[in-house]
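Remember, it's 1-based here, ligands and their atoms both numbered in the order they're listed. Heads up: numbering here begins at 1 and tracks the sequence. Below, all heavy atoms of this structure are taken into account, side chains as well, without hydrogens, waters or symmetry copies.
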Amino acid sequence: MTKTALITGITGQDGSYLAELLMTKGYKVAGMVRRSSTLNFERIDHLQNDIELVAGDLLDEGALIHLLRKVRPDEIYNLAAQSFVQTSFGQPVLTGETTALGVTRLLDAMRVVDPDARFYQASSSEMFGKVVEVPQTEATPFHPRSPYGVAKVYGHWITVNYRESYDLHATSGILFNHESPRRGLEFVTRKISHTVARIKLGLETELRLGDLDPQRDWGFAGDYVEAMWAMLQQDTPEDFVIATGETHSVREFCELAFSHVGLEWTDHVVQDDQFMRPAEVDLLIGDPTKARERLGWKPKTDFASLVRMMVDADLEDVARRHGLDG
Ligand code: NDP
Ligand code: GDR
């Protein structure tokens, strides 16, 4: 029988990769989209004939109830969020409404309409924040360092709570940073790959960044959506850390991205206080042992391949947009 999946956040980076994956597995895919004055379907343009787009917003529980009655999904992937850490310092209440309470609204709608569906919550390594152990596992205590991280901790625990209180098949995937050519331009990896391409093509000379020391466990988004799906195929819902088990600094990402196009990063990178955060997360490195043992999941794309993939994609894209030779 064909399964139906509902993806919130389908217009985002992960939503587009997950929709592609589920379609190759024969799912009927519905994606929740919120109203905007201009269309922002760039990442899912190529899928639009094959997926159903339904209107809704994590801020409106009534709309979520109607939406679930209409779609009747077997699996719900809650990827929607205000996901940019820096913005969460400037818009902490909106971030809480969407990224924290939004999870309760959707879980509650599922409890009312579709208690037998399976639910995935997009939790984050930002919950570990000021880390209390290295590497971080499913058992590591949380110490978030931003309103975004705090909101994700709420989303994580409300998912656990609905699982325990109402016996829902609700899973929280604690995913470490994952990137791709579809990453939003304000996140540091894509900001670097995109600006490196513009510098290489003569459209720009400098790259302004904040702190270069933070270290992240960076993987490829295409690999990570496979883990989301695998988690919902488990008979018993549980939480999993998804990571590569390697960490690299922002500085290392710069070095590799510039050297890939034959440039020296120190000639172009300028530090700029406006990109510094009131509280920083210095070091993240995940231990994906449980995911490997229980889900059979492991990342396929290493750090250097990820950096090259992103720079090459931006070189091609920027050249095409400007009518230049890539
Ligand atoms: P993006 O920022 O690329 O996408 C976020 C999505 O959420 C967009 O589709 C956006 O819609 C939607 N959205 C925002 N607010 C609302 C709202 N009020 N109602 C409905 N939809 C809304 O995020 P990613 O794809 O990178 O991440 C997916 C999820 O995983 C997020 O929850 C993120 O916090 C989490 N996460 C991401 C990690 C990463 O490294 N990428 C790591 C760990 C967790 P619109 O296009 O209209 O703005
Ligand atoms: P992060 O991603 O905060 O880890 O959250 P981001 O790419 O924004 O920052 C990574 C690190 O780079 C430092 N940095 C800069 N960051 C940005 N965006 N711009 C800069 O100019 C810059 N200079 C240095 C940051 O301070 C930080 O240390 C991402 C999001 O996808 C979250 O939604 C997700 O939950 C986590 O990853 C895991």
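With ligand atoms numbered from 1 in the order given, ligand 2 contributes 28 (O) to contacts under 4.0 Å with heavy atoms of P214. Shown in contact with F84 at under 4.0 Å from a heavy atom are these atoms of ligand 2, numbered in order with element: 8 (O), 18 (N). For ligand 2 and S83, the ligand atoms under 4.0 Å from any heavy atom of the residue are 30 (C), 32 (C), 33 (O). Listed by number with element, the atoms of ligand 1 under 4.0 Å from a non-hydrogen atom of N177 are 40 (O). The ligand atoms of ligand 1 that sit less than 4.0 angstrom from a heavy atom of N40 are 45 (P), 46 (O), 47 (O). Close contacts of ligand 1 with M32, meaning ligand atoms under 4.0 Å from a residue heavy atom, involve 20 (C). Each of the atoms 38 (C) of ligand 2 lies under 4.0 Å from some heavy atom of S125. Short contacts between ligand 1 and S123, defined as distances under 4.0 Å to a heavy atom of the residue, involve ligand atoms 43 (C), 44 (C).
Without hydrogens or angle criteria, K290 side chain to D239 main chain gives a donor-acceptor distance under 3.5 Å. A distance-only check finds no donor-acceptor pair linking the side chain of E138 to the backbone of F240 [under 3.5 Å]. At distances below 3.5 Å, not a single donor-acceptor pair connects side-chain atoms of T195 with backbone N or O atoms of I192.
Checking only distances, V188 does come within under 3.5 Å of ligand 2, N or O to N or O. Checked by distance only, ligand 2 and K191 come closer than 3.5 Å through their nitrogen or oxygen atoms. The shortest N or O to N or O distance between W218 and ligand 2 is not under 3.5 Å.
Ion pair E42/R182 not flagged as a salt bridge, since none of the NZ, NE, NH1 or NH2 atoms sits closer than 4.0 Å to an Asp/Glu carboxylate oxygen.
For the pair S16 and ligand 1, no heavy-atom separation below 4.0 Å is found. Residue Y148 places a heavy atom under 4.0 Å from ligand 1. Under a 4.0 Å heavy-atom criterion, D57 is in contact with ligand 1. Contact between K152 and ligand 1 is present, with at least one heavy atom of the residue lying under 4.0 Å from the ligand. Heavy atoms of R182 come nearer than 4.0 angstrom to ligand 1 in no pair at all.
Judged by a 6.0 Å distance limit and a 45° cone about the ring axis, R183 is positioned over the six-membered ring of F187.
The shortest contact between atom 43 (C) of ligand 1 and any protein heavy atom is with L175 O, 3.2 Å. In this structure, atom 37 (C) of ligand 1 lies nearest to the protein heavy atom H178 CE1, 3.9 Å. With hydrogens left out, the protein atom closest to atom 23 (O) of ligand 1 is S83 OG, 3.5 Å, a heavy atom. The closest protein non-hydrogen atom to atom 31 (O) of ligand 2 is R183 NH2, 2.9 Å. In terms of protein heavy atoms, atom 23 (N) of ligand 2 is closest to G210 N, 2.8 Å. Of the protein's non-hydrogen atoms, R34 NE, 3.0 Å is the one closest to atom 47 (O) of ligand 1. At the shortest separation from atom 27 (C) of ligand 2 among protein heavy atoms lies R216 NH2, 3.4 Å. Looking only at protein heavy atoms, the nearest one to atom 1 (P) of ligand 2 is N177 ND2, 3.8 Å. Closest protein heavy atom to atom 18 (N) of ligand 2: E186 O, 2.9 Å. Of all protein heavy atoms, the one closest to atom 26 (O) of ligand 2 is E280 OE1, 2.6 Å. Among protein heavy atoms, atom 14 (C) of ligand 1 sits closest to A81 O, 3.2 Å. Atom 3 (O) of ligand 2 has as its closest protein heavy atom R277 NH1, 2.6 Å. Among all protein heavy atoms, the one lying closest to atom 5 (O) of ligand 2 is V85 CG2, 3.6 Å. Among protein heavy atoms, atom 8 (C) of ligand 1 sits closest to T11 OG1, 3.6 Å. Given atom 21 (N) of ligand 1, the protein heavy atom at minimum distance is A80 CB, 3.4 Å.
H194 and D317 are not linked by any side-chain donor-acceptor pair at a separation below 3.5 angstrom, with hydrogens and angles left out of the test. Checking D213 against S249 by side-chain atom types alone, no donor-acceptor pair falls below 3.5 Å. H260 and D312 share a side-chain donor-acceptor pair at under 3.5 Å. Between E75 and Y27, the side chains place a donor N or O and an acceptor N or O closer than 3.5 Å (distance only, hydrogens not considered). Between the side chains of T244 and D217, at least one donor N or O sits under 3.5 Å from an acceptor N or O. Using modelled atom types, one finds a donor on one side chain and an acceptor on the other under 3.5 Å when comparing D108 with Y162.
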Sequence neighbours left out, cut at 3.5 Å: what donor-acceptor pairs do the side chains of residues 148-156 make with other protein atoms?
residue, atom, partner, partner atom, Å
K152, NZ, A122, O, 2.7
Y154, OH, T104, OG1, 2.9
H156, ND1, S172, OG, 2.8

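Using a 4.0 Å cut-off between heavy atoms, D211 contacts ligand 2 through its backbone alone, with no side-chain atom that close. The proximity of L209 to ligand 2, defined as any non-hydrogen pair under 4.0 Å, involves the side chain as well as the backbone. Contacts with ligand 2 closer than 4.0 Å are made by no heavy atom of E179, backbone or side chain.
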| task | Could you please spell out the steps behind the side chain to side chain donor-acceptor pair (under 3.5 Å) verdict for T301 and D223? | result | CA-CA 7 Å; T301 314; D223 295 344; 2.9 Å; yes
message: With side chain to side chain contact (heavy atoms under 4.5 Å, CB included) as the criterion, how do T159 and L107 come out once you've worked through the C-alpha distance, each side chain's angles and the decisive distance to 0.1 Å?
response: CA-CA 7 Å; T159 302; L107 277 166; 4.0 Å; yes
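The aromatic rings of W297 and Y224 stand perpendicular to each other, their planes meeting at an angle above 60°, with 30° marking the opposite boundary.
Dense packing is recorded around CG of D45, with more than 12 heavy atoms of other residues, nucleotides or ligands lying under 6.0 Å away. Within 6.0 Å of NZ on K191 lie more than 12 heavy atoms contributed by other residues, nucleotides or ligands.
Checked options E179, E280, E252, E246; the residue passing with R216 is E280 (criterion: salt bridge (Lys or Arg N to Asp or Glu O under 4.0 Å)).
For atom 35 (O) of ligand 2, the choice among F128, F187, Y148 with the nearest heavy atom turns out to be Y148.
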